[in-house]
Amino acid sequence: MKPNRAFRVDGLRERLGSGLFARVAGPDGPRNRARIHDTPGPRWFGPERPVRRVHGDASMFIGGLSALLLQSLHPLAMAAVAAHSGFRGDPWGRLQRTSTFLATTTYGTAESARLACAQVRSVHERVAGETAEGLAYRASDPHLLGWVHVAEADSFLRAHQRYGRHPLTAEECDGYVADMARVGAALGVVDPPRDRAELAERLDAYRPELRATAQARAAARFLLLNPPLPLIARPPYGVLAANAVSLLPTWATRELGLPRLAVAENLCVRPLGSAMTAAVRWAMTPPPPAATAATETAPGPAPGPASVTSTPAD
């Protein structure tokens, strides 16, 4: 590639990557990234662990959206989010806190991970109320925490296996579920699943409790149709959102009233999702060293939302 053209391409890459990083990590992103990755000390997860590969991949953008849609189908969890979460008033702030939590527990020191989980548990202790139907909920309820945990783990893993750059082997998939169990237990989940078979069993056990409330459908409309984004960003976001929907179980999309057409998914939605994930991965990966030196650009952020700086601490 000619030097001038390489300069322009790397400049575009840096601008796109910096913009995504700012959205996901927030104004404290650079400082959080340095603290998480550079602080010496033992970690919960070594560099060989599957959780690092999954949470560091751009497929997390699709997995995260899909997890939110799936989690909304528990009426008590959705009521708690609607009443106490800032997902409407401050969606970017919530995303930034979530990504920082995921990054801290995945890549940070063991002490930082422990403190992050303790902070979330402290917040959960203060979140309680009643649904519109008069059912009581507590964010610290281990059963409710269990649902949020399994929906998240399943969604992240599904997204990685479909859109990740390096899908996991069967053994590594079990390892990922076991890694997530360590975080779940620290958050108060009782006996979290430790392999894919247990994860599937636990998801099935929650099925009788799940349904789409008016709050869940409103949250889906907000996430899929009315995201707080400029018009220029909505088409690529729409591709990610469509693929997040395609990851959901059929019964879940039916509950939420979301249209699905198998032919369209296979011929259009999934290929576009793979292409968009690859584009995000490219933008958020630093240029090769030679190109970096030639353009005098600093290394960019890592490709996945967790590696740049998620249970939300709000």
Side-chain angles (χ1 to χ4, degrees), residues 10-11 13-61 63-64 92-123 152 156 160 164-166 168 172 175-176 178-187 280-314:
D10 289 337
R13 187 182 207 171
E14 194 279 333
R15 288 193 298 274
L16 290 173
S18 295
L20 283 168
F21 178 79
R23 281 292 192 182
V24 173
D28 294 330
R31 184 170 66 249
N32 286 335
R33 180 171 59 184
R35 172 181 56 81
I36 291 167
H37 293 279
D38 298 341
T39 301
R43 263 73 176 162
W44 278 0
F45 308 110
E48 78 288 351
R49 294 306 303 169
V51 70
R52 285 197 168 214
R53 193 193 309 176
V54 174
H55 292 179
D57 191 84
S59 59
M60 285 285 286
F61 286 95
W92 293 114
R94 188 172 190 266
L95 172 63
Q96 290 152 15
R97 290 187 290 275
T98 298
S99 69
T100 301
F101 175 88
L102 275 175
T104 300
T105 53
T106 304
Y107 304 101
T109 64
E111 179 62 10
S112 295
R114 184 190 66 78
L115 290 174
C117 290
Q119 181 183 10
V120 171
R121 293 187 72 161
S122 176
V123 172
E152 186 175 84
F156 291 172
H160 187 81
R165 184 174 185 178
H166 299 294
L168 305 180
E172 288 171 335
Y176 174 74
D179 290 345
M180 288 292 281
R182 181 167 190 174
V183 180
L187 288 170
V280 171
R281 188 180 296 117
W282 173 82
M284 299 191 74
T285 302
T292 301
T295 58
E296 297 183 351
T297 56
S307 59
V308 298
T309 86
S310 244
T311 304
D314 60 356

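What's counted below: heavy atoms across the whole structure, side chains too, no hydrogens, waters or symmetry copies. Here, residue 1 is the first one in the sequence, and each next residue gets the next number.
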**Study point:** Test side-chain contact (heavy atoms from CB on, under 4.5 Å) applied to Arg182 and Phe45, step by step
**Key:** CA-CA 10 Å; Arg182 181 167 190 174; Phe45 308 110; 4.2 Å; yes

Point to revise | Audit row: Phe156, Ser59, side-chain contact (heavy atoms from CB on, under 4.5 Å) steps and yes/no | key: CA-CA 8 Å; Phe156 291 172; Ser59 59; over 6 Å; no

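In this structure the side chain of Arg35 reaches within 4.5 angstrom of the side chain of Thr100, judged on heavy atoms. Put simply, the side chain of Arg43 reaches to within 4.5 Å of the side chain of Thr109, judged on heavy atoms. Put simply, the side chain of Phe21 reaches to within 4.5 Å of the side chain of Pro30, judged on heavy atoms. Put simply, the side chain of Gln96 reaches to within 4.5 Å of the side chain of Pro27, judged on heavy atoms.
Partner of Asp57 under the side chain to side chain donor-acceptor pair (under 3.5 Å) criterion, chosen from His166, Arg281, Arg52: Arg281. Remark: of the listed residues His160, Arg53, His55, His55 is the sole one forming a side chain to side chain donor-acceptor pair (under 3.5 Å) with Tyr176.
Going from atom CZ of Phe61 over to atom CG of Leu95 covers 8.0 Å, rounded to the nearest 0.5 Å.
Minimum heavy-atom separation, Ile36 to Ala103: CG2-O, 3.6 Å. In this structure, Ala283 and Leu20 approach most closely via the heavy-atom pair CB-CD1, 4.4 Å.
The aromatic rings of Tyr107 and His37 sit tilted relative to each other, their planes meeting at an angle between 30° and 60°.
In this structure Ala178 satisfies the side chain to side chain contact (heavy atoms under 4.5 Å, CB included) test with no other residue, sequence neighbours excluded.
Counting only residues at least two apart or in different chains, salt bridge (charged side-chain N to carboxylate O under 4.0 Å, His left out) contacts with residues 99-121 comprise Glu111-Arg114.
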